[in-house]
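A short worksheet on the structure shown next.
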Amino acid sequence: MSAASDALFPIESILLNPELERRPSRPSDHAAANAAMTAIAAEMARPGGNVLKVLTDAALEACSAHSAGISILETDAGQPVFRWHAISGAWAGYEGGCLPRSQSPCGIVLDSNAAQLMANPERYFTNIAGAEPRIHEVLLIPFYLLGEAVGTVWLLSHDESKHFDGEDLRIMGQVANFASAAYCLLESQKAAVDNAMELARSNERLRRTNARLADGIDQEAQRPTTAQPLSFTCDGKR
């Protein structure tokens, strides 16, 4: 499990997972989940669509969160980090930033391959203590691509007006799974377009090379030749 080396409190002090079952859960809101997936599907049809941003926008609204984001594990200067690829809500200004894997709540999600509910996570992950507005609760779920957990989708509440429950977890899981499939499809389409464009560029370079070679051959063939006169000695020998 990921560990923050300068943690002020033990990890157990911030984990609230049992609360997802103990807290009264609001009635299932299928309309909210369907609206979120409809928005994602519409974004897929848009050239250069940003599915991840639509995902965070939709999650923010569907779960009445104060901030929502998606973090994806990648490498920065040789070190594993979670990059915030999309953020909606109060924390939108942090979009594009990152945290080291070992110092991010997302690391615990990937280590356990399970959703996590945390309260005041800066007590353990001290590097986020300066973020504003502060985190009251964070609900994180794994984000999968082709069956592998590569990041997390997360919701934040910044005060006691919002406590996450089982319905938030259900909606998040459903919407994130749909967004994952949409993201994979869009990335595959982009890769296919990029490959096609590269093939077209390669063919154009080959065409130009062949044209230059053919032009060189034509010029050589059209160049006039000067016949050298034959000279003989008196005995008839050249």
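- A donor-acceptor pair is defined here as one N or O able to donate and one able to accept, closer than 3.5 Å; no such pair exists between the side chain of Arg83 and the backbone of Glu74.
- Linking Ile, Leu, Val, Met, Phe, Trp and Tyr residues whenever their side-chain heavy atoms come within less than 4.5 Å leaves Val81 and Leu140 in two separate clusters.
- Side-chain contact between Ile87 and Thr56 is absent, with no heavy atoms from C-beta onward closer than 4.5 Å.
- No more than 12 heavy atoms of other residues, nucleotides or ligands sit less than 6.0 Å from atom CZ of Arg134.
- A pairwise comparison of heavy atoms in Val153 and Ala176 identifies CG2-CB, 4.1 Å as the closest pair.
- Summarising the geometry of Asn120 relative to Ile14, their closest heavy-atom pair is O-CG2, 3.8 Å, with the distance given to 0.1 Å.
- Remark: side-chain polar atoms of Lys162 are not paired, donor with acceptor, to backbone N or O of His136 under 3.5 angstrom.
- In terms of heavy atoms, Ala62 sits closest to Arg26 at O-NH2, 3.6 Å.
- Side chain of Asp165 to backbone of Leu20: no donor-acceptor contact under 3.5 angstrom is found.
- In the hydrophobic cluster analysis, where Ile, Leu, Val, Met, Phe, Trp and Tyr join through side-chain heavy atoms closer than 4.5 angstrom, Val175 is grouped together with Val54.
- Contact detail for Ile11 and Ile108: the closest heavy-atom pair is CD1-CD1, 3.2 Å.
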**OP:** Could you please spell out the steps behind the salt bridge (charged side-chain N to carboxylate O under 4.0 Å, His left out) verdict for Asp168 and Arg23?
**Re:** CA-CA 12 Å; Asp168 294 313; Arg23 287 176 179 172; over 6 Å; no

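- For Glu95, the CD atom is densely surrounded, since the number of other residues' heavy atoms within 6.0 Å is greater than 12.
- Side-chain heavy atoms closer than 4.5 Å link hydrophobic residues (I, L, V, M, F, W, Y) into clusters, and following such links, possibly through other members, connects Ile171 to Leu139.
- Transitive grouping of hydrophobic side chains (ILVMFWY, heavy atoms separated by less than 4.5 Å) brings Phe125 and Leu99 into a common cluster.
- For the residue pair Ala149 and Asn113, the shortest heavy atom distance occurs at CB-OD1, 4.0 Å.
- Salt bridge status for Asp29 with Arg170: absent, with no side-chain N to carboxylate O gap under 4.0 Å.
- Relative ring orientation between Trp154 and Trp84 is described as perpendicular, the plane-to-plane angle rising above 60° on a 0-90° scale split at 30° and 60°.
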Original post:
Is there a side-chain contact (heavy atoms from CB on, under 4.5 Å) between Phe143 and Leu52 once you walk through the steps?
Top reply: CA-CA 11 Å; Phe143 183 71; Leu52 298 184; 4.1 Å; yes

Subject >> Residue pair Leu110, Thr152: steps toward the side-chain contact (heavy atoms from CB on, under 4.5 Å) verdict >> reply: CA-CA 8 Å; Leu110 262 62; Thr152 71; 3.9 Å; yes

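- A distance-only check finds no donor-acceptor pair linking the side chain of Ser104 to the backbone of Arg101 [under 3.5 Å].
- Distance alone, capped at 3.5 Å, is enough to place a donor-acceptor pair between the Tyr94 side chain and the Glu132 backbone.
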**OP:** Check the pair Trp91 / Ile135 against side-chain contact (heavy atoms from CB on, under 4.5 Å), numbers first and verdict last.
**Re:** CA-CA 10 Å; Trp91 265 29; Ile135 303 171; 3.6 Å; yes

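- Shown here is Glu160, whose CD atom has no more than 12 heavy atoms of other residues, nucleotides or ligands within 6.0 Å.
- Using a 4.5 Å heavy-atom cutoff, the side chains of Gln79 and Pro100 are not in contact.
- Connection of Ile40 to Leu60 is not established within any shared hydrophobic cluster, with ILVMFWY side chains joined at heavy-atom distances below 4.5 Å, either directly or through further cluster members.
- Under a 3.5 Å cut-off, the side chain of Thr38 and the backbone N or O of Asn34 do form a donor-acceptor pair.
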**OP:** In sequence, state the C-alpha distance, the side-chain angles, and the governing distance for Glu61 and Ser88, and then conclude on side-chain contact (heavy atoms from CB on, under 4.5 Å).
**Re:** CA-CA 10 Å; Glu61 182 175 354; Ser88 302; over 6 Å; no

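- The shortest non-hydrogen separation linking Gly49 to Glu43 is CA-OE2, 3.4 Å.
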